[in-house]
Every structure is written in C-alpha cells, then in structure tokens.
Protein chains: 2
Amino acid sequence: MARPPRFDLDQLLDAAVRLAAASGPAGVTMSAVAKEVGAPSGSVYHRFAGRTVLLAEVWLRTVEHFQEGWFAALEGEGDPRRAGRAAARHVVAWSRAHPEEAALLLYGAQDFGRAEWPDEQAGRADRGRRRVRDAVARLAAALGAADPAARERVSVAVIDLPLSLVRRHLRAGEALPGHAEGLAEECTAALLA
Amino acid sequence: MARPPRFDLDQLLDAAVRLAAASGPAGVTMSAVAKEVGAPSGSVYHRFAGRTVLLAEVWLRTVEHFQEGWFAALEGEGDPRRAGRAAARHVVAWSRAHPEEAALLLYGAQDFGRAEWPDEQAGRADRGRRRVRDAVARLAAALGAADPAARERVSVAVIDLPLSLVRRHLRAGEALPGHAEGLAEECTAALLA
DNA sequence: ATAATATTAGAGATCCCTCTCTATATTGTT
DNA sequence: AACAATATAGAGAGGGATCTCTAATATTAT
C-alpha cells in the first residue's frame, strides 16, 4: 500500500548521533544529517517536523537507551550499596560500548534546544527525569540518607561521578582506560560508605 | 593621540560570557555580542580577528580566571589531604561567585572551536592544561598514589567531582544550594582517604 | 490494471551570520 | 590648524542553513 522507506528514523538519528559526537549539538543540522546518510533534505523533513524536533529526538533516544540499562543495574541488586556500585559501573561500561552516544550524554537537554521542544518531547524528558529522581530517592532512603546534602551525595555517587569519569576521557579525545569501570565502582563505594 | 575606545576587550568578553551562559557556545555570535553591548559589528571585528578568536578568548579568560584561585587553594596548604579539600571547595565557591563563567566551564575547549584556534590561543590552553596536570601529579605523589588509576582518582577528587556537583545545579537552572561547598569537601575527602 | 498512499527528490525563498570595506569621529602632537 | 593614530559606524556581499512546495516514484490492495 505504500512505497518502502529508504531512510528510516533510526538511520537518521544514528547519523545525528555521529555528527553530535564529532561536532557537538551545533553540528547537527538538517543538511548535515541529509548529507551524512546521502539523502536529500526533503527526506529528513519528511521524518522530522524541523530541527527542533530532530534535536529533541536524538537526545531523548540516547538518554532512554542509557537509562534502560541503568535502571536494570540499580534495581537488579538487593543490597543498596551493591546496587549503587552496579549503577556506577554501568555508566562507564555503557559509555565504553557506545562512545558516540556517550558523547551526547555529556551535554544537557538545554544544549539540544530543550526550551523550544514541543510538549510531547518535553513530557518524555520530564518523565525520564522524574524516574531517575525517584530511583535515587529510594536508594538514598535505603541507605539512611536523610538530609538534602546526604541525598545529593548519593545522586552524585551513582550518576554524576561516573559520568565525570567518562567526560574526562571523551573530552580529551581518548578512549576509556581499562581501569575505568573498577575506578568508578571504587569511587562510588567510597562515597556511599 | 587616539580616540578613546567605547567598547573594550573585557566589556565584549563579558557580553560573550552572558550569551554563552544563556545559550551555550552556539549563542556566541559576532552579531549577538555586538547587539548585547550596543555596538555595530565592525567594532567587534576591530577587537577580534573573527569568531574563532572571540570564542578562544572568552574560553581562555574564563579558565584562567578560574585556575588562578584554584592553584592558590591547592598550593596554600601543606598537608596534601587538606590541599585537595581546599581545591574542591574552591571549585564550588568560585562557581557560586561567578555563575555565568561557571556555566562556561561546564563545556570543553572543543565546544569553543578549539580545533580552529590560532597557535597563540592553542598554546595558552596547552600551558594551562599542563600546569593543572603537573599540580595534580604532585598532589598524587604526596598522597602516595602510584598507579594510573590511583592518580586518576586524585584528579577526579579535586576537579571533576566538584565540577559535576556544580553541573547538576547549573544544568537544571538552579542556584547552588548552601551545602554545596561542604558537600564537595566531604566527597573529596572520602575519595582521598 | 488501477487507485491509493508513503516516500523520495530537489529547487528555491528567506533568514541569519561572517566578514570586508569605506567613511567618519575623537584625541594628542606639532 | 593640520595631522597622525585609533576607534566607531554601518552598509553590503557572500555563504550556509532552515523550511516550503511541487513533482516524480515505488509499492500494495483491490
């Protein structure tokens, strides 16, 4: 009943990921994506209403990919300290397995034009944020972290710290060293002690 | 002997900082800076050879501002553990005092077009990087950190961790909470223990 | 075969940004 | 008063990106 697509959504988003990893969000233009996959610009506009939506979708797909395994790691353990360490390790391991997507994660939604996102994409972003916030809150409660500073320390331990370890290397244009997962786990353990 | 300037270097760089804090590096265009200070674009080109140089200068001035106090904090203490804690505290305190410049620090030189910088600016950036690297190496040695992972742990403790604490809040558009300096110091202490 | 439909294909209007160029203004010196 | 030096001032060419619009094309259901 219809012509089969030559350029599907994921193919275009993959190209956008490569461009963003190489040149930052500014490098993700409609024409750059079109050129990257060898399509005319019209085909890109057929999939995405505009650059705003493309940026939102590439960011959201990446974050949701990442979170999938992160939640699994965090919630797959009974002991809260072990859960935190597994989550930290996952941040690094996932980044090693997906270096280009990890490069995106080092930016923020703001850098992908969040202020102009349509409601649908803004909602997805909010739901993801809330889910992470709640998971961290449960972990903090299980660890007996009561005051805001203690809760924030947990959050840093299982998200920000391992990400900053990844950032050090990706920003310098290096691959992650072999000890990165172990180091992340150790540092997280130290913060959760 | 000459007409007095209406728009000096620092005034233009201040405007560039505001724009970068609000919209990221992409928001720093020659015309946006001109508009921000109320100058014609020609006056901006009179100070900076082009956008590449403007981006380099705004990044370098910010990093050098930051490093000034950071080195003082790190080297003002005899005991290495106290030195590391002072450095971590400084990262947060400086960010609180200069939130717009701190927003710049959350990016990397790459995002400010480092690949295209002229030699002068690239050299300044390299010298700064080396100075930080050497200071961290001395601290790590004083702490008895021998292998690469241990040295990296020190680096994370005194730079990346406190910066990621700042990033959490600035990326969310919030001010830094009152406990931030104390939390940074505690976390750094935990990693250096 | 034919109709319906999703998609490719790409030309072109419009906008914004970078950068150049020329003219003009202000100051200290002679 | 003329001049040299330094800045401001802003018009405009050139380039690239976004987005719209129309036409062509491939596929499937009937």
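Order of the sequence lines fixes the chain letters, A, B, ..., with proteins taken first and strands second; residue numbering starts at 1 for each chain. The figures here come from the full heavy-atom set of this structure, side chains too, leaving out hydrogens, waters and symmetry mates.
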| said: So, using side chain to side chain contact (heavy atoms under 4.5 Å, CB included) as the criterion, who are the partners of Ala125(A) when residues are at least two apart? | reply: Leu60(A), Arg114(A), Trp117(A)
Side chains of residues 134-145 of chain B: which donor-acceptor pairs under 3.5 Å do they make with residues two or more places apart or in other chains?
none

| field | Distance, rounded to the nearest Å, where Phe48(A) contributes CZ and dC19(D) contributes C1' | value | 16 Å
| Spacing of Met30(A) atom CE relative to dG10(C) atom C1', expressed in whole Å | 15 Å
| note | Whole-Å distance, Phe7(A) CZ to dT25(D) P, equals 16 Å
| request: Measure the acute angle between the ring planes of Phe112(B) and Tyr107(B), then classify it against the limits of 30° and 60° as parallel, tilted or perpendicular. | output: perpendicular
| Of all of residues 113-120 of chain B, which get a heavy atom below 4.0 angstrom from DNA chain D, listed by number? | none
| Taking the side chain of Pro4(A) as its heavy atoms from C-beta onward, which of dT27(D), dT8(D), dT18(D) lies nearest to it? | dT27(D)
| Of all residues at least two apart in sequence or in a different chain, which pass the side chain to side chain contact (heavy atoms under 4.5 Å, CB included) check with Phe66(A)? | Trp70(A), His90(A), Val91(A), Trp94(A), Leu105(A)
| said: Any side-chain N or O of Arg6(A) below 4.0 angstrom from OP1/OP2 of dA9(C)? | reply: yes
| Tell me the salt bridge (Lys or Arg N to Asp or Glu O under 4.0 Å) pairs involving residues 54-71 of chain B, sequence neighbours left out? | Asp10(B)-Arg61(B), Asp14(B)-Arg61(B), Glu57(B)-Arg124(B), Glu64(B)-Arg124(B)
| request: Could you check which residues of residues 35-47 of chain B get a heavy atom under 4.0 Å from DNA chain C? Sort them by number, please. | output: Ser41(B), Tyr45(B)
| remark: With sequence neighbours left out, the residues meeting salt bridge (charged side-chain N to carboxylate O under 4.0 Å, His left out) with Arg151(A) are none
| message | Output the rounded distance in Å from CG (Leu19(B)) to P (dC17(C)). | response | 11 Å
| For Glu100(A), what residues pass the side-chain hydrogen bond (donor to acceptor under 3.5 Å, both in side chains) criterion, not counting sequence neighbours? | none
| Residues which pass side chain to side chain contact (heavy atoms under 4.5 Å, CB included) with Arg131(B), listed by chain and number, not counting sequence neighbours | Phe71(B)
| Who are the side chain to side chain contact (heavy atoms under 4.5 Å, CB included) partners of Glu185(B), not counting sequence neighbours? | Arg85(B), Arg89(B)
| query | Can you list every pair that meets side chain to side chain donor-acceptor pair (under 3.5 Å) and has a residue in residues 36-52 of chain A, with sequence neighbours left out? | reply | Arg18(A)-Glu36(A)
| field | For atom CZ of Arg51(B) and atom P of dT20(C), their distance in whole Å | value | 15 Å
| said: Please list, in numerical order, the residues of residues 10-17 of chain A that have a heavy atom closer than 4.0 Å to any atom of DNA chain D. | reply: none
| query | Can you check whether Met30(A) reaches Leu54(A) side chain to side chain, under 4.5 Å on heavy atoms? | reply | yes
